Amino acid sequence: MSIKIFVPGDSAALALGADAVTRAILAEAARRNIAVNLVRNGSRGMLWLEPLVEVQTAKGRVAYGPVSADDVAGLFDAKFDQGDKHALGLGLTEEIPYLKRQERLTFARVGITDPVSLEDYLAHDGYQGLHKALTMPAAAIVQQVTESGLRGRGGAAFPTGIKWQTVLNTAAAQKYIVCNADEGDSGTFADRMLMEGDPFVLIEGMTIAALAVGATQGYIYVRSEYPYAITVLNEAIEIARKAGYLGANILQSGKGFQLEVRKGAGSYVCGEETALLESLEGKRGIVRAKPPLPAISGLFGKPTVINNVISLASMPIILDKGAAFYKDYGMGCSRGTLPFQLAGNIRHGGLIEKAFGVTLRELLYEFGGGSASGRPIKAVQVGGPLGSYLPESQWDTPLDYEAYTNLWAVLGHGGIVVHDDRADLAKLARYAMKFCAIESCGKCTPCRIGATRGVEVMDKIIANQDRPAQVELLRDLCDTMLNGSMCAMGGMTPYPVLSALNHFAKDFGVVK
Amino acid sequence: MSQAYNHEQIAAIIATQQDRPGALLPILHDIQDALGYIPPDSVAQIASALNLSRAEVHGVITFYHHFRTTPPAKHTIQICCAEACQSMGAEHLVAHAEQKIAVRKQGDCTVQPVYCLGLCATSPAMMVDDQLHARVTTEKFDRLIKKIGGGS
Ligand SMILES: Cc1cc2nc3c(=O)[nH]c(=O)nc-3n(C[C@H](O)[C@H](O)[C@H](O)COP(=O)(O)O)c2cc1C
Ligand code: SF4
Ligand code: FES
């Protein structure tokens, strides 16, 4: 009998030497005449432990990490292949508190299954949602999505059911499903982990979307910085097609859905939905004026559902377990779970899928274990480069869309970037302006010119030139960007800038 | 010259992609993957095949940070400069890398900023050619640079 060993093939694990660990395990097992069945799983999301090696035992999967190739011989000596103790041993994976305290709905299979094994997917409740959807009229599928309370996980938090209803109601010979996998926010990697760790759940979710609105063609627009996700998706799509889960006649239902991966080209603004559609059409990623909504006139002028990876990947469980099951998680108008991504200067960085309502302090300390440097945490940016910096006084507010709106902050795509007390918030504010200047699509003046002016003003503030007047100018500029920009690129860059200024005035040399 | 060869190779790439809706980006990706960059003299060829103006094709190439119009150095080192990596010392890493590359003198490496590689919980992160690296210390950087040949 062979032993089953898991070494993640996730990008983060690869970047930490998982391939070398794999080779070492296979070589060492061969040398010792031990038969090994090695699976390249997704990541469990406990990224400080990567590469995290797991062994299947009678009691369950036992984890070791972080493992380097040099540790492998010692692990075999300690009989890790039988789940025995070792300095890197972490016990049963499922019992590790970081994992055990999560509510994994969308990420239920990530890290557990072989990402490109359809058998594995089916054995872990895969395609149950699609089977249900195939027995339902389109309007009933949309109804489930609406009732689940799901709001878009890409950042804007728009109710997904309403979007789908609009596409369903718009008659057209051709409709599209587009998955936004541009994930450009610093501090976020949930889309990447999901695509690399469980591609079939995204494929299934998009197929459900297609049935719900009457679309026959889908595109997944993946950023070029994620080459491995692209490879895994293409492989999974091919497998799904061969097995009849995609194609002209899905599972003999008479309904068809074709799916294709398209690669981005290093533009942050192409994550904005209309710029993304322009890019898919082969053009520059310039933001379109709205209306018309993409739901009415989207890709190639046709009604289009465009949703984030996590929104679409949440459809299978919503359809399988029902809207009420999903809605039961969360609080207020924030229903279900969000995969929070704990990043930056944090000891235990990783992915934490939790129901809305958890606080930043719980994530930072109970999960994250404080800063990586061991120094006090000073500021936390939530929601990507367009999100506010939160000082400690705000860490007890529940992570909920409306509660964050009241703080003049956003949850965005769930990215949480931690900075210790060495961070200079004036420099970070300057960076926010600079990033906006680099990535602006150029369509409107407040953003195109404003961001460049913002960098200049920040330079003067940092150089202590005429500070009080420059700070006033900065506020003025932010006001113009907030109110005059066509999209959230220019319209939300003031969030990190002004939150930094308001909460960390000292760093700007303004005594408060 | 290699120009004539490129012309045929590019024609072949265009032919396999041009019937796809929104074919321009896939074509540009394929050309860059094959040649390492998009030769400026291919713009007219791409434009005429897709029934676009040269200005349109040029506009698309220059809009996207990913596309290059000059041949790359033998090795490209992309260091993430976004917030999560900044919080773990990316700025210091970039300065170190630039200094190391300068003394290396082979002129075979370029250091470029990149904005997030999705490795933000294991920062700082970088990509050397097509290999990802996370938790990159200056020591780890030096080891990696030695590995890609020459080394100082
Ligand atoms: C500058 C900018 C960048 C964005 N980047 C992304 C992104 O990378 N991924 C994403 O899903 N949404 C992104 N969005 C939000 C999208 O415009 C859109 O709201 C989302 O794709 C809708 O899907 P959802 O409802 O499922 O969230 C971005 C928006 C802006 C203004
Ligand atoms: S705000 Fe910036 S990115 Fe958005 S449309 Fe205007 S110029 Fe383009
Ligand atoms: S911010 Fe550097 S990898 Fe994401």
Side-chain angles (χ1 to χ4, degrees), chain A residues 11-12 14-16 47-48 50 183-189 191-193 223-229 260 262-268 270 279-286 299-300 341-346 349-351 372-373 381 385 415 417-420 423 427-428 431 435 438-439 441, chain B residues 17-18 20-30 32-33 38 46 50 52 56-68 78 80-91 112-128 130-136 140:
Chain A
S11 288
L14 295 178
L16 293 163
L47 293 166
W48 79 98
E50 291 293 356
E183 195 166 63
D185 291 1
S186 166
T188 67
F189 43 84
D191 296 350
R192 180 186 63 66
M193 266 185 60
R223 64 200 298 254
S224 54
E225 292 85 346
Y226 285 179
Y228 188 64
E260 200 183 296
R262 286 291 174 95
K263 188 166 149 186
S267 158
Y268 178 75
C270 282
S279 184
L280 265 180
E281 291 181 9
K283 303 176 193 153
R284 288 148 36 112
I286 307 281
L299 186 62
F300 302 112
Q341 299 128 82
L342 207 44
N345 198 326
I346 187 87
L351 183 130
S373 60
Q381 188 177 28
V417 176
V418 181
H419 295 267
D420 74 12
K427 261 171 86 178
L428 287 166
Y431 172 82
F435 186 67
I438 295 173
E439 298 297 334
C441 86
Chain B
Q17 297 282 11
Q18 89 189 109
R20 298 169 80 181
L24 183 54
L25 257 70
I27 287 174
L28 295 176
H29 273 299
D30 282 1
Q32 183 156 308
D33 288 349
I38 298 159
I46 300 166
L50 294 183
L52 297 169
E56 281 170 303
V57 175
H58 179 75
V60 169
I61 295 171
T62 51
F63 180 85
Y64 294 96
H65 304 304
H66 179 79
F67 296 128
R68 283 186 293 259
Q78 293 182 296
C80 176
C81 293
E83 292 92 329
C85 287
Q86 286 179 34
S87 79
M88 290 299 281
E91 209 177 322
Q112 287 171 357
V114 60
Y115 297 94
C116 196
L117 294 165
L119 304 174
C120 333
T122 49
S123 44
M126 69 173 188
M127 187 139 99
V128 179
D130 57 359
Q131 292 291 313
L132 292 166
H133 302 279
R135 289 189 209 127
V136 185
K140 187 165 173 179

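Here the structure is a predicted model, which is why all the values come from computation and not from measurement. Each chain gets a letter, A, B and so on, in the order its sequence line appears, and its residues count up from 1.
- Between Y64(B) and F67(B), the ring planes are perpendicular. Angles over 60° get that label, and only those under 30° would be called parallel.
- No side-chain heavy atom of C120(B) sits under 4.5 Å from any side-chain heavy atom of Q341(A).
- Of the atoms belonging to Y228(A), not a single heavy atom falls under 4.5 Å from chain B.
- Within the 4.5 angstrom heavy-atom criterion, atoms from both the backbone and the side chain of I438(A) approach chain B.
- The candidate with the highest count of non-hydrogen atom pairs below 4.5 Å against chain B, out of F189(A), Y268(A), Y431(A), F300(A), is Y431(A).
- Considering OG of S11(A) and CG of L117(B), their distance stands at 9.5 Å, rounded to 0.5 Å.
- Ranked by heavy-atom pairs under 4.5 Å with chain B, the first of G264(A), C441(A), G350(A) is G264(A).
- No part of D191(A) comes within reach of chain B, as not one of its non-hydrogen atoms sits under 4.5 angstrom from that chain.
- Of the atoms belonging to L280(A), it is backbone heavy atoms, and not side-chain ones, that fall under 4.5 Å from chain B.
- Among G282(A), S373(A), G415(A), the residue with the largest count of heavy-atom pairs under 4.5 Å with chain B is G282(A).
- With a 6.0 Å radius and a threshold of 12 heavy atoms from other residues, nucleotides or ligands, K427(A) has its NZ atom at or below the threshold.
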Inset, instruction - For the pair L50(B) and V57(B), evaluate side-chain contact (heavy atoms from CB on, under 4.5 Å) and give the outcome as yes or no after the intermediate values. - result: CA-CA 9 Å; L50(B) 294 183; V57(B) 175; 5.8 Å; no

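- Between chain B and the residues G285(A), A372(A), P227(A), the most heavy-atom pairs under 4.5 angstrom are made by G285(A).
- Looking at E260(A), the atoms closer than 4.5 Å to chain B (heavy atoms on both sides) all sit in the side chain, from C-beta outward.
- The number of heavy-atom neighbours closer than 6.0 Å to NE2 of H65(B), taken from other residues, nucleotides and ligands shown, is above 12.
- Interface remark: of the candidates A84(B), A125(B), C85(B), A84(B) forms the most heavy-atom pairs closer than 4.5 Å to chain A.
- Contacts of C80(B) with chain A are absent, with no heavy-atom separation under 4.5 Å from either backbone or side chain.
- Between the side chain of S186(A) and the main chain of C116(B), no donor-acceptor pair closer than 3.5 Å is present.
- Both the backbone and the side chain of K263(A) come within less than 4.5 Å of a heavy atom in chain B.
- With no hydrogens or angles considered, no side-chain donor-acceptor pair links E225(A) and H66(B) at under 3.5 Å.
- Ranked by heavy-atom pairs under 4.5 Å with chain B, the first of G349(A), S279(A), A12(A) is S279(A).
- Counting heavy-atom pairs under 4.5 Å between each of P26(B), G118(B), A82(B) and chain A puts G118(B) at the top.
- Per-residue counts of heavy-atom pairs under 4.5 Å with chain B were compared for R223(A), E183(A), E50(A); the largest is that of R223(A).
- The contact between P21(B) and chain A is made by backbone and side chain atoms together, counting heavy-atom distances below 4.5 Å.
- Only the backbone of E281(A) comes within less than 4.5 Å of a heavy atom of chain B; no side-chain atom from C-beta onward does.
- Taking CE of M193(A) as the reference point, atom OG1 of T188(A) lies at 12.0 Å (rounded to 0.5 Å).
- Under a 3.5 Å cut-off, the side chain of R262(A) and the backbone N or O of G22(B) do form a donor-acceptor pair.
- With rounding to the nearest 0.5 angstrom, the OG1 atom of T122(B) is 6.0 Å from the CG atom of L47(A).
- For E56(B), no part lies under 4.5 angstrom from a heavy atom of chain A.
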